[in-house]
Structure formats: C-alpha cells, structure tokens
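Structure record follows, encoded as structure tokens.
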There are 2 protein chains.
Amino acid sequence: MAGELEIDIDRSSPVPLYHQVAQAFEQAIREGALAPETKLDNEIDLAKRYHVSRPTLRQAMDKLVRDGLVVRRRGVGTQVIGPRVRRSLKLSSLYNDLQESGAQPRTSVLTLETVTAEDEVRDRLGLAPGTEVYHLRRLRSIDGQCLGIMENYLPLSVGTLTGAALERDGLYNVMRRQGSDFQMAHQTVGATVATAAQADLLGISPGSPLVTVQRTALDSAGTAIEFGDHVYRADLYSYETTLMNH
Amino acid sequence: MAGELEIDIDRSSPVPLYHQVAQAFEQAIREGALAPETKLDNEIDLAKRYHVSRPTLRQAMDKLVRDGLVVRRRGVGTQVIGPRVRRSLKLSSLYNDLQESGAQPRTSVLTLETVTAEDEVRDRLGLAPGTEVYHLRRLRSIDGQCLGIMENYLPLSVGTLTGAALERDGLYNVMRRQGSDFQMAHQTVGATVATAAQADLLGISPGSPLVTVQRTALDSAGTAIEFGDHVYRADLYSYETTLMNH
DNA sequence: CTTGATTCAATGTCCTGACAAGTTGACAGG
DNA sequence: CCTGTCAACTTGTCAGGACATTGAATCAAG
C-alpha cells in the first residue's frame, strides 16, 4: 500500500523542485500508477527518498491538495482521491470553457456592426454614455442542427473584427490574438421560451425551452472586454459545472 | 502609498498566525482600507511589523494570491488587485452555494419516503441494484411565492431525515450535522417548460420556462451522497457563476 | 464486552537562515 | 542626449529543526 514511486529530480533544472515533485505525483495518479485510496508514505520518508527538505515536499503536497488529487488529514496521512472527485475539475476553468464555446464546429455571423451602446450594455461593460461598441450576432450549429443564437457586445478597443476571422477561429481566439488577456468571467444561466423569431432561426417551434447565458468577461486589469447574451436549444445544450469545497 | 496596517496578532489563539495575518489583510482590502493598486511593503518589513517570520507572512500572502486579492511579481512587489476582478469569487465555492440553496426562507416537505432506486438514481449515486434510498420532494418559497420544486435522492447511510429538521435547517445542514463532509458537486443547469402538475404547484401557467438543476454531491472519499433534480421558476431564479483563469 | 485513558504516528504550524532570479533605476561612458 | 552596465531591492526557492495538534490504535479497567 505504500506509495513507492521512482521519479527523477533534476536539481539543475530551472523548474522548482516542489513543482517537479508535484508533477511527478500528478502524472502517476492520472496514469493510475497510484490507485485511488492508496495511502502515501509520510512526509519525512518521502522527503528523504526524493532528497528534498520537508517544506519543499509539503509545498508539492499542498499543490496536489489544491488541485484536488489527494486528501491529507492530520494524524492520518495522505490519500489519493477517487477519480470521480477529480474528474474534470478543469470544467470550471475559464480558458477551457471559452475555448469550448469558441471553437465549436460551425458558427455563422448574422450581424457585425458598430452601434451606440444601450444602457444595459454600457452598464455591463462599464462604458461612458454614447460610446460605440461592436454588436455581433452569430448562429452556432452542430451537425447541421442549429444550437443557439449568440449576441455579443465588445468595446472597440479590443481590435478589429471580421466575419471571416470570427467564423474560422471563434470570437475568443480572435480577441486573444489581438492582445486581450481573459482573467475572469461572470455568468448568469437561466431559462426562457423561444419567441417566434428565435424559433424560426433555430428550426424549432415557438414556446420551446431555451437556456439563456449572459456573460461578462474581464481582463486582468478588471476592465470588461465582452458582454454576451446567448440562447441555446435546451434539448441540445446544458451548462455543466463542478463546485469544489475550497 | 505604503500599506500601513494596524492589526492584532494573538499568539495564544488556536487560529494559525498566517491565517490571522491573511484575514486581517483580506478585511482591510474588502473594506477599502487598502485601496486597489496600493503597493504593499516588502515581506521582510511586514514580517517584522507583525512579529512573524517571513515564511509565515509568505503563507498569508499566498493565501491572498489564491483568493485573487493581490498580485505579486518578483522584483516588483505586491499590489492590491482591482475590485471588479475579485468581486464575488466565492460564488463558485461549494459551501456557499449549498448553504445559500439550503437555508432559504421557507421550504416545505411534500414527500419523504424510502424507495428502491431507479436506474438513473442508482447510476448517479453509484449504488447496487435494488438498494433503498431516501426520496425527498420539497417546495421552496420566498415571500409567499413558490420558487421551485426540489427532488432529492440520498443513500440511507447519510443518517435519519425528518421533515421537521429539513424544514428548519435545510437539507445540507442536516446532512453535515450527521457527519457528511461535502467535497465537491457536479451540476448540470438546463431549461424546460412547466408541465401541468409543476405549474399547479408553482402557481404559474403550463408552458412557462423553468430552470433545471441536476446535482450530484460527493464527499471527500469520492462517494456520492446526494442526487438532486430541481426545477425553478425562470423569472425568479438564475444560476450565477464566476469563472477564473487558473 | 464495552469503555476509557494512553501512546504513537502523522500532518500542521512556526522559526532562522541562505541563496537565486527577476525588475527597476541610477550611473558612467559613448 | 542616449545607451548599456551594474547595483539594489523584491519576491521565489530551499534547507533543517522544533513543537503543537489531531486521529487512531492499543491496552487496561470496569
């Protein structure tokens, strides 16, 4: 039951020791070399085995704990956590979420224009009255079926947007390439029923359920760089998240 | 511009020093005593001022970094981050989410019984065929308005559930008091339209939009301890999350 | 057989000390 | 005036040791 693990520690490498140790354990756990429920050896022995100090080994373990791979309990020891718990922790990661929703099979651009921001858009983006913004409407489809309608507002400072680039790379890739660095996003997920116009676009009957997603994305300076108001067919789309305690 | 801050460190307290320091800074930042963009003093001076060692102070700072309150750059210093970025980071915390949804104004218990788990419930909870589970239906209301219908399935091993306790404390508090330790939950949020029966219970007309939430909660051992299938009135409820890059 | 206190093992906390690495700004040289 | 070098400052990394706190297993007493 002991966590025997052969790993190479390169002391001349620029990557920190604790990171090397943590990465080695993470790989072993994800590959199954360290089965769930396995109890690791105690800190002292592990530190001795890998020729690092206890604080360094603890730093590595703390990283594993934060990543949800192991659980430590004082007086008990360190246990590898079950795969169900650690599965798809990254689902709540901003990058994956954006990439997933930005690089889907096909998106066609319905509208690409600059308009004077309405009150709600101004408020969401934190802009002054009368400011011009991009207004973008896209239709996302998968396997020929229309999945949802995406409406986005962006400040002009994000760069230049073209329909071709948007359809080829997705909104978020285009923005990132022009220097936008996403730091966080605030989302509100709700429900509504399809209007006649929406139903017509999506190829469903009016009154069908729709998932609504409103998202405001911020860069690392705290500036809002995108506001999105999306609706998706409820029978083809749902929003998944993983909530962690801590 | 220096981060002058008078805080009391209680060395005889059972709460760790680094936690006291971190909490003091967090409070100061949230209260505005430390304005955004403020550059904090260097670690050495701060450690000296609060009479702790540098590793201890670093531990506190690491906590602040993880919580998204400050940014540190080697060779530069530590800066308080903008309020928009840090706002409501805790929204994606499991505990708050559960507490919020578990201690609402009023919940009345419609059904509390033990049944043989159906296939979907068995699969979600990871139970053997034929296992008995709690089946719970509750109606949540706020200000006299019905908000949603919550249907839950729980393994019998969670303890004993009584209608009175559930209505008084909420499901999650009852479970936690009986030893369940929530570690994470997986949620799927979608949309549907109200059936006649649902509409009748919620006091709305059939065909109105509903937000659906399916949640599986796991404890630290990776065992599923709850499966919930909830619907909420879309005009009164929406699901908010904050996505972080990292 | 149950219950209680004891003991042991493990992680949690905290300290001092040292060096590495990145950033910035000042200073000297062109 | 411009530019490249260097020194000072700050955070990052790492070591080794000491004691506290918690959980569980062990053992003795009822």
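All heavy atoms count here, side chains included; hydrogens, waters and symmetry mates do not. Residue numbers start from 1 in every chain, and the chains themselves are labelled A, B, ... in the order their sequence lines are given, proteins ahead of strands.
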query: Is the number of heavy atoms from other residues, nucleotides or ligands under 6.0 Å of B/Glu132 CD greater than 12?
result: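 Atom CD in B/Glu132 is crowded, with more than 12 foreign heavy atoms closer than 6.0 Å.
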message: Please classify the nucleic acid contact of B/Ser53 as base, sugar-phosphate, or nothing, using heavy-atom distances under 4.0 Å.
response: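 Base: the residue B/Ser53, judged by heavy atoms under 4.0 Å, touches a nucleobase.
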All salt bridge (charged side-chain N to carboxylate O under 4.0 Å, His left out) counterparts of [X], not counting sequence neighbours:
X: A/Arg54; result: A/Glu43
X: A/Glu26; result: A/Arg30
X: A/Arg168; result: none

task: For nucleotides 7-12 of chain C, just jot down a letter per nucleotide in 5' to 3' order: B, S or -, based on protein non-hydrogen atoms under 4.0 Å.
output: ---BBB
query: Over how many whole Å does the gap from B/Asp10 atom CG to C/dT13 atom P extend?
result: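 Going from CG in B/Asp10 over to P in C/dT13 covers 16 Å.
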message: From NE2 of B/His19 over to P of C/dT13, roughly how many Å is that when rounded to an integer?
response: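 Whole-Å distance recorded here is 9 Å.
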message: If the condition is side-chain hydrogen bond (donor to acceptor under 3.5 Å, both in side chains), which residues does A/Arg177 pass it with, not counting sequence neighbours?
response: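 Applying side-chain hydrogen bond (donor to acceptor under 3.5 Å, both in side chains) to A/Arg177 gives A/Asp169.
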query: Which residues pass the ring-ring contact (aromatic ring centres under 6.0 Å, His included) test with A/Tyr153, sequence neighbours left out?
result: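 Expected list: A/His135.
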Salt bridge (Lys or Arg N to Asp or Glu O under 4.0 Å) contacts in which one or both residues fall within residues 14-23 of chain B, not counting sequence neighbours: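 Non-adjacent pairs meeting salt bridge (Lys or Arg N to Asp or Glu O under 4.0 Å): zero.
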- request: Provide the start and end nucleotides, 5' to 3', of the part of DNA chain D that has atoms under 4.0 Å from heavy atoms of chain B.
  value: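 Both ends considered, the range comes out as D/dT10 to D/dT13.
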field: Contacts of B/Glu118 that satisfy side chain to side chain contact (heavy atoms under 4.5 Å, CB included) - sequence neighbours left out
entry: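 With neighbours one apart ignored, the set is empty.
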